[in-house]
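All remarks here apply to the structure that follows.
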Amino acid sequence: MSRTVKSADERKKDIIQIAEKLFIEEGYNNVTTSVIAKKTGVAKGTLFYHFETKDNLADAVIKYQLAPLKETYQQVNAKKEWSALKKMSWFFLSELDDSLQHVSSFNYLKNDDNAILRQKLRVQMTTDFVPFIENWLTQGVKEAIFQVDDPHLMAEFIFTSFHSWVENSLFGDDLKTRNHRINYVLPLYNQMLHLPQNTFSPENMRKLIQ
């Protein structure tokens, strides 16, 4: 029987997927590159050809995990018929309802052995998603919906403060408590963008999104 020869891209994806599985099951600190190479069925040299260090591989795993979420943000960003208010409402509701199921996807980061991955996730999410929020705030200013002097700084603050506030890997909240935290802080963003009272209430946002 002939042996299947995989392309470099396929082999690289295999390594990322096996590493992801091992990090989830065993914890980043407890997984060596030797184990990853063995489980993937490649020589360590092949692993290091694709990823110079375990840290580089960790970066790739986080980017791989965030790729579907980023694609969804790109789809929302491309909706020219959506107002900025609708896009920002989608952002908050996606967290409140966990419609993208990313909360459960990253539950493994509660493990202290994954603290490095947890920090990498925070950095990568800020890099990937703040530009979308900035786009929506800028759009909202043009539409005379939001009052924002510096959309970039405001986007950074909204995204990073919101995710730090609701990050269940940090607070260990159950879903009910997490949603209570979200509902508690939404009026703050309402005021910061100089919107009418309760604009970002869950009820009003759901009506807008429907």
Side-chain angles (χ1 to χ4, degrees), residues 1-77 91 94-95 97-133 155-156 159-175 177-178 181-182:
M1 182 180 294
S2 61
R3 183 180 178 182
T4 301
V5 179
K6 294 188 176 183
S7 68
D9 287 343
E10 289 174 326
R11 185 63 72 190
K12 185 175 182 178
K13 185 176 180 179
D14 285 347
I15 295 171
I16 292 172
Q17 290 177 331
I18 292 297
E20 176 191 32
K21 183 174 186 294
L22 289 170
F23 293 160
I24 291 173
E25 293 177 351
E26 307 293 338
Y28 176 82
N29 291 345
N30 303 317
V31 178
T32 65
T33 52
S34 296
V35 170
I36 296 169
K38 182 178 180 179
K39 292 286 186 179
T40 310
V42 301
K44 282 189 69 175
T46 301
L47 187 150
F48 288 126
Y49 170 79
H50 292 292
F51 306 100
E52 292 185 359
T53 65
K54 181 183 172 184
D55 191 68
N56 293 149
L57 177 53
D59 289 333
V61 168
I62 292 298
K63 289 179 181 179
Y64 174 75
Q65 291 181 316
L66 286 175
L69 185 61
K70 187 174 181 179
E71 182 178 356
T72 303
Y73 270 72
Q74 289 170 333
Q75 291 171 353
V76 171
N77 192 57
F91 164 68
S94 69
E95 292 291 338
D97 298 338
D98 192 24
S99 57
L100 306 178
Q101 297 184 332
H102 60 292
V103 174
S104 56
S105 298
F106 292 109
N107 269 340
Y108 78 98
L109 296 179
K110 292 180 180 179
N111 184 340
D112 286 341
D113 285 323
N114 287 322
I116 290 174
L117 296 180
R118 192 159 63 229
Q119 179 58 27
K120 286 182 178 294
L121 178 70
R122 292 189 187 108
V123 173
Q124 193 61 51
M125 288 189 73
T126 301
T127 300
D128 285 350
F129 301 125
V130 164
F132 292 113
I133 304 300
E156 277 192 348
F159 189 84
T160 58
S161 64
F162 188 66
H163 274 272
S164 294
W165 179 249
V166 302
E167 186 186 68
N168 70 336
S169 63
L170 180 63
F171 294 105
D173 295 336
D174 57 33
L175 189 59
T177 304
R178 181 177 180 277
R181 294 179 69 88
I182 293 174

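We count residues from 1, following the sequence as given.
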query: Hey, what do you get for CG (Asp9) to CG (Asp14), rounding to the nearest 0.5 Å?
result: 11.0 Å

Separation between CG of Asn107 and CG of Asn114, rounded to the nearest 0.5 Å: 11.5 Å

message: Quick test of your reading of the model: are Lys120 and Asp55 salt-bridged, counting only N-O distances below 4.0 Å?
response: yes

- request: First locate atom NZ of Lys21, then atom CD1 of Ile36, and finally report the distance between them rounded to the nearest 0.5 Å.
  value: 12.5 Å

- prompt: Between Leu57 and Ile15, which heavy-atom pair has the shortest distance, and what is it?
  reply: CD1-CG2, 4.0 Å

statement: From the list Gln74, Lys63, Lys70, side-chain contact (heavy atoms from CB on, under 4.5 Å) partner of Asp128 resolves to Lys70

task: Mind listing the closest non-hydrogen atom pair of Lys54 and Phe23 along with its distance?
output: CE-CE2, 4.4 Å

message: As an exercise, state the distance from CD of Gln119 to CG of Leu121, rounded to the nearest 0.5 Å.
response: 9.5 Å

- request: Could you give me the CA-CA distance, side-chain angles and deciding distance for Leu109 and Tyr28, then say whether side-chain contact (heavy atoms from CB on, under 4.5 Å) is met?
  value: CA-CA 10 Å; Leu109 296 179; Tyr28 176 82; over 6 Å; no

query: Looking only at heavy atoms, which two atoms of Arg11 and Thr46 are closest? And how far apart?
result: CG-CG2, 4.2 Å

query: Looking at CE of Met125 and OH of Tyr73, how far apart are the two atoms once the value is rounded to the nearest 0.5 Å?
result: 6.0 Å

- request: Report the distance from atom OG1 of Thr160 to atom CH2 of Trp165, rounding to the nearest 0.5 Å.
  value: 14.0 Å

query: How far apart are the closest heavy atoms of Thr126 and Pro131, and which atoms are they?
result: O-CD, 4.0 Å

- prompt: Taking C-beta and beyond as the side chain, do Asp59 and Phe51 meet within less than 4.5 Å on heavy atoms?
  reply: no

message: Does Val61 form a side-chain contact (heavy atoms from CB on, under 4.5 Å) with Gln65? I'd like the steps, not just the answer.
response: CA-CA 6 Å; Val61 168; Gln65 291 181 316; 4.1 Å; yes

- request: Check ring-ring contact (aromatic ring centres under 6.0 Å, His included) between Phe162 and all other residues, then give those that pass, not counting sequence neighbours.
  value: Phe91, Phe92, Tyr189

- prompt: Closest heavy-atom contact between Ile62 and Leu117?
  reply: CD1-O, 3.8 Å

field: Enclosure of Glu52 CD (heavy-atom neighbours >12, cutoff 6.0 Å)
entry: no

task: Might you work through the side-chain contact (heavy atoms from CB on, under 4.5 Å) test for Leu66 and Phe129, ending with a clear yes or no?
output: CA-CA 10 Å; Leu66 286 175; Phe129 301 125; 4.2 Å; yes

message: By the side chain to side chain donor-acceptor pair (under 3.5 Å) test, which pairs, at least two apart or in different chains, include something from residues 30-42?
response: Asn30-Asp113, Ser34-Lys44

message: Test side-chain contact (heavy atoms from CB on, under 4.5 Å) on Lys13 and Tyr64; report intermediate values, then the result.
response: CA-CA 9 Å; Lys13 185 176 180 179; Tyr64 174 75; 4.2 Å; yes

